[in-house]
Amino acid sequence: MTLPAATILGYPRIGRDRDLKRILEQHWRGAIDDAALHGRAHEIRVADARRLVDLGLVGDAAVPGEWAHYDHVLDAAITVGAVPPRLRDVVPAGPVSLAHEWLLARGEGDVAPLEMTKWLDSNYHYLVPELDAASTFALQDRRIVERFAAVRDAGVVTRPAIVGPATLLTLATGDGVRPIELVDRLVPAYRALAEALAEAGAPWLQIDEPALVGDWGHVSRAEVEAAVRAGLEAVRGTGVRILLAVPNGDAAGRVESLAPLADAVAVDLVRGTLPAIGGTIVAGVVGGRNVWRTDLDAALETLRGIDADVVVGTSTSLLHVPHDVDRETTLSDELRSWLAFADQKVAEVATLASALAGADESAALDRARDALAARRVAPGVADGAVRRRVAAASAADAERVAYDERVAAQSDIVLPALPTTTIGSFPQTGDIRRARAAHARGELDDAGYRAAMEAEIRDVVALQERLGLDVLVHGEPERNDMVQYFAESLDGFAATAHGWVQSYGSRCTRPSILWGDVARPAPITVPWTAYAQSLTSKPVKGMLTGPVTILAWSFVRDDQPLADTAAQVAFALRDEVADLEAAGTRIVQVDEPALRELLPLEEHRRADYLDWSVRAFRIATGGAAPGTQVHTHLCYSEFGSIIDAIDGLDADVTSIEAARSRMEIVDDIAGHGYPRGIGPGVWDIHSPRVPGADELDELLATATAGIPAGRLWVNPDCGLKTRGYAETEASLERLVAAAERARERIGAIV
């Protein structure tokens with residue numbers, strides 16, 4: 001069976017109204033049982049499959065079938081029996097129950113969850129498989145087969161998908177073994193899966209191997225290619241055809257020797273170029289990582305130049321974009337005409353396939369042409385004043401005085417050794433959300449809204465003082481999201497109403513759309529920070545989101561270099577820092593959790609990225625006075641590979657995720673000789689667990705062994721927005737107590 005003329009590599013799995021999110025959270029609360037969760041999740045899968053058929057993905061195997069409840073990497077690990085060594089006595093062999101799946105994903109009691117980090121160079125978080133020399137594999141869980149069969153029985157024959165063996169092992173951690181060396185043990189499990197799918201009537205299996213397009217350092221390109229080869233050879237002859245998907249980068253020069261082992265190869269032609277392969281090619285000409293309308297004329301030209309059997313497709317899964325732009329009635333008609341969310345991208349794929357086959361698609365091509373032309377000349381896309389400011393930037397704009405001088409100027413900010421703080425946000429309660437929604441609807445006036453937020457700030461400041469934290473925050477009750485909040489106050493951005501994208505598990509984010517030149521018309525954070533400072537004699541941090549993170553967690557314009565857009569955002573933030581200083585704020589945190597996230601997968605592109613991203617942060621903070629202590633925060637990525645860039649940010653204090661990874665960053669910090677303040681997180685806030693005293697003591701002991709006490713800060717991994725107050729209070733109380741015990745152990749004078 002050949003592939004249909006049009007397909008995609010994946011589709012948003014959270015449901016059009018975040019249905020899966022609600023189902024998961026109901027299950028975690030005990031409001032629904034296992035059967036109800038499975039039943040409702042099946043309904044979402046069937047609805048999505050039928051929707052894709054209606055949008056033009058016609059024919060068996062045109063609709064992809066990747067339907068993880070929590071994470072597709074976790075699903076692959078569960079499927080092949082990759083149980084963490086520390087949980088072999090807890091998670092039995094065979095099908096994994098929901099309770100054990102949540103144990104792996106979220107932890108419970110003294111059991112820590114799997115480490116979480118960013119999927120490739122996206123804002124999606126995956127769970128990192130844990131392996132050791134004793135790891136063995138088998139087809140332990142048949143969820144992929146069962147979900148295929150259930151959707152087939154509902155009327156749609158799909159193409160099941162799984163993370164391939166090379167990518168699974170490249171992204172895993174190993175205790176006493178390099179995971180890639182386990183490939184020969186692993187691939188029989190993939191063969192067993194392919195055989196089971198063939199028996200169930202699946203015509204195709206999609207094996208995703210984005211590891212092929214990256215340069216990984218800990219794994220050589222030859223090892224990745226050998227692992228992909230082993231996986232493909234293992235599944236040959238099973239009765240199911242294989243689509244080797246190589247998304248997220250340039251497959252040219254990396255896939256040619258492997259293509260003959262697959263029945264079709266999907267390649268990213270948005271980021272990459274066409275590899276020299278024959279056979280069937282799924283040509284990814286429609287971008288899966290952005291929301292901009294495709295240039296259909298250019299895509300057709302590319303497709304017509306391919307001398308092979310062509311299937312029109314997306315460059316990546318559509319997991320990274322919202323469902324449907326037609327629901328965004330609050331956006332202007334003009335802006336909406338420039339956009340394509342998942343459903344629109346599926347329609348673009350179908351239109352291109354139809355046009356390539358010779359059908360008359362002139363009306364669709366004309367609409368795309370007109371929208372692209374209108375976008376180029378729309379007011380606000382180019383702002384002369386903004387562009388002149390960026391063009392006039394000098395090296396001095398990105399420099400502060402030497403760190404030693406700054407330490408001296410900041411000496412009147414009196415803090416104990418191992419000062420304690422949080423990352424910024426506190427729990428967003430139902431009352432906060434209701435007040436924000438009422439204000440947005442006009443049911444609560446400005447004064448009432450301000451009073452509600454100030455009441456929350458008073459409670460948060462009082463709680464921090466009672467717990468004994470040293471540097472306080474105002475808790476950010478007014479912020480719906482750490483990027484959207486700023487985007488709504490900056491020129492050049494638009495916010496969606498329904499543009500939800502999965503971040504991890506049940507957590508979703510609504511990326512803003514950065515469509516024009518960026519400027520700050522007025523101060524954004526100053527009144528809230530100043531109010532919090534008026535309530536306490538302890539220092540309160542001003543909290544800003546950094547330029548790279550604002551870009552990474554938005555859908556950014558594709559009509560100019562990212563470096564230029566980053567500089568525009570940086571200058572807007574520079575103005576905000578100046579206004580915070582003028583209001584008396586002595587500590588300003590500019591968060592860059594996405595710095596590592598955007599690092600290009602290919603080695604040859606990284607130096608340029610790190611150069612402009614670090615420069616953007618330094619422009620944002622370069623105007624701060626020596627006596628202003630500049631903090632930054634980074635989380636949920638592997639940061640050892642960019643420690644030089646972290647140093648280059650020149651922040652006075654850097655807080656960084658470290659709890660789930662068991663402080664692995666400390667060796668990198670110590671080996672580098674990092675010279676300024678550092679706060680490796682001791683509390684993993686992405687799990688509902690309250691960390692135990694022994695756990696906190698162990699993490700702090702590791703930190704103090706590698707970082708001088710005079711530079712060490714004690715803080716959580718990340719902001720507390722997603723947590724509840726009961727666990728927040730208990731965890732912070734233990735964090736402060738652990739810091740006090742650590743001071744005693746090292747003989748620090750408080």
Side-chain angles (χ1 to χ4, degrees), residues 7-13 64 66 68 71-73 76 117-126 128 161-172 206-217 219 221 224-225 227-228 231 243-256 258-259 262 264-275 277 281-292 294 302 313-321 342 345 349 501-504 511 551-553 555-556 558 562 594 596-606 609 637-638 641:
T7 190
I8 59 175
L9 296 187
Y11 188 70
R13 56 186 179 230
E66 188 284 291
D71 168 46
H72 55 278
V73 180
T117 193
K118 295 300 179 71
W119 169 251
L120 307 173
D121 57 348
S122 77
N123 186 35
Y124 176 81
H125 305 61
Y126 76 94
V128 181
I162 187 172
V163 175
T167 299
L168 189 70
L169 294 175
T170 296
L171 299 181
Q206 177 179 316
I207 298 179
D208 293 332
E209 289 288 18
L212 276 170
V213 303
D215 297 312
W216 303 101
V219 178
R221 184 183 300 185
V224 172
E225 291 181 3
V228 174
L243 170 61
L244 171 62
V246 191
N248 293 86
D250 194 351
R254 304 189 182 221
V255 75
E256 285 80 356
L258 301 167
V265 179
V267 294
D268 182 344
L269 297 184
V270 174
R271 288 188 170 185
T273 54
L274 184 70
I277 58 177
I281 297 174
V282 178
V285 294
V286 172
R289 292 278 298 274
N290 64 51
V291 294
W292 302 105
T294 301
T302 297
T314 52
S315 63
T316 67
S317 169
L318 300 180
L319 170 71
H320 307 288
V321 297
K345 289 178 183 295
V349 165
V501 176
Q502 185 181 26
S503 179
Y504 68 93
L551 264 60
W553 297 354
F555 293 118
V556 181
D558 59 354
L562 273 176
R596 171 63 176 79
E597 174 184 313
L598 285 188
L599 187 73
L601 300 181
E602 305 96 328
E603 178 70 35
H604 71 274
R605 296 176 52 222
R606 292 174 184 167
Y609 162 73
S637 288
E638 301 297 326
S641 60

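As a basis for the values below, the full set of heavy atoms in this structure was taken, side chains included, without hydrogen atoms, waters or symmetry mates. Along the sequence shown, the residues carry numbers beginning at 1.
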Not counting sequence neighbours, which residues clear side-chain contact (heavy atoms from CB on, under 4.5 Å) with [X]? List them please.
X	answer
Ala264	Leu3, Trp204, Leu243, Thr280
Thr302	Leu269, Val285
Ala594	Thr549, Ala552, Trp553, Glu597
Ser315	Asp268, Val270

Item checked: Salt-bridge present (Asp121, Arg271; N to O < 4.0 Å) -> yes
Counterpart residues, side chain to side chain donor-acceptor pair (under 3.5 Å), relative to [X] (two or more places apart):
X	value
Ser503	His125
Gln206	Arg159, Asp208
Thr167	Glu209
Arg13	Glu66, His72, Tyr124, Gln502

On a heavy-atom basis, which atom in [X] and which in [Y] lie closest, and how many Å separate them?
X	Y	value
Val556	Trp292	O-NE1, 2.9 Å
Ala259	Ile277	CB-CG2, 3.6 Å
Tyr126	Val73	CB-CG2, 3.7 Å
Gly164	Ile207	CA-CG2, 3.5 Å
Leu168	Ala76	CD1-CB, 4.1 Å
Trp216	Leu120	CH2-CD2, 3.8 Å

Working to the nearest 0.5 angstrom, can you tell me the gap between [X] [atom1] and [Y] [atom2]?
X	Y	atom1	atom2	answer
Leu9	Thr314	CG	OG1	4.0 Å
Thr117	Tyr504	OG1	OH	13.5 Å
Asn290	His320	CG	NE2	11.5 Å
Leu212	Leu258	CG	CG	6.0 Å

Notebook entry, point to check: Tyr11: what forms a ring-ring contact (aromatic ring centres under 6.0 Å, His included) with it, not counting sequence neighbours?
Noted result: His323
Next item on the list: Could you pull out all residues at least two apart from Tyr609 that satisfy ring-ring contact (aromatic ring centres under 6.0 Å, His included)?
Entry: Trp612
Note to self: Just to verify, what does Asp215 make a salt bridge (charged side-chain N to carboxylate O under 4.0 Å, His left out) with, not counting sequence neighbours?
What the structure shows: Arg221, Arg254
For residues 244-252, please give each side-chain donor-acceptor pair under 3.5 Å, one per line with the distance, not counting sequence neighbours.
{"unit_1": "Asp250", "atom_1": "OD1", "unit_2": "Ala252", "atom_2": "N", "d": "3.0"}
{"unit_1": "Asp250", "atom_1": "OD1", "unit_2": "Thr273", "atom_2": "N", "d": "3.1"}
{"unit_1": "Asp250", "atom_1": "OD1", "unit_2": "Thr273", "atom_2": "OG1", "d": "3.2"}
{"unit_1": "Asp250", "atom_1": "OD2", "unit_2": "Thr273", "atom_2": "OG1", "d": "3.3"}

Next item on the list: Could you walk me through whether Ile281 and Leu274 pass the side-chain contact (heavy atoms from CB on, under 4.5 Å) test, one step at a time?
Entry: CA-CA 9 Å; Ile281 297 174; Leu274 184 70; 4.1 Å; yes
Notebook entry, point to check: Heavy atoms, side chains only, cut-off 4.5 Å: are Leu171 and Val163 in contact?
Noted result: no
Next item on the list: Could you check if a side-chain atom of Val321 sits within less than 4.5 angstrom of a side-chain atom of Phe555, using non-hydrogen atoms only?
Entry: yes
Next item on the list: Please determine which of Val349, Thr316, Leu318, Ile8 meets the side chain to side chain contact (heavy atoms under 4.5 Å, CB included) test together with Val286.
Entry: Val349
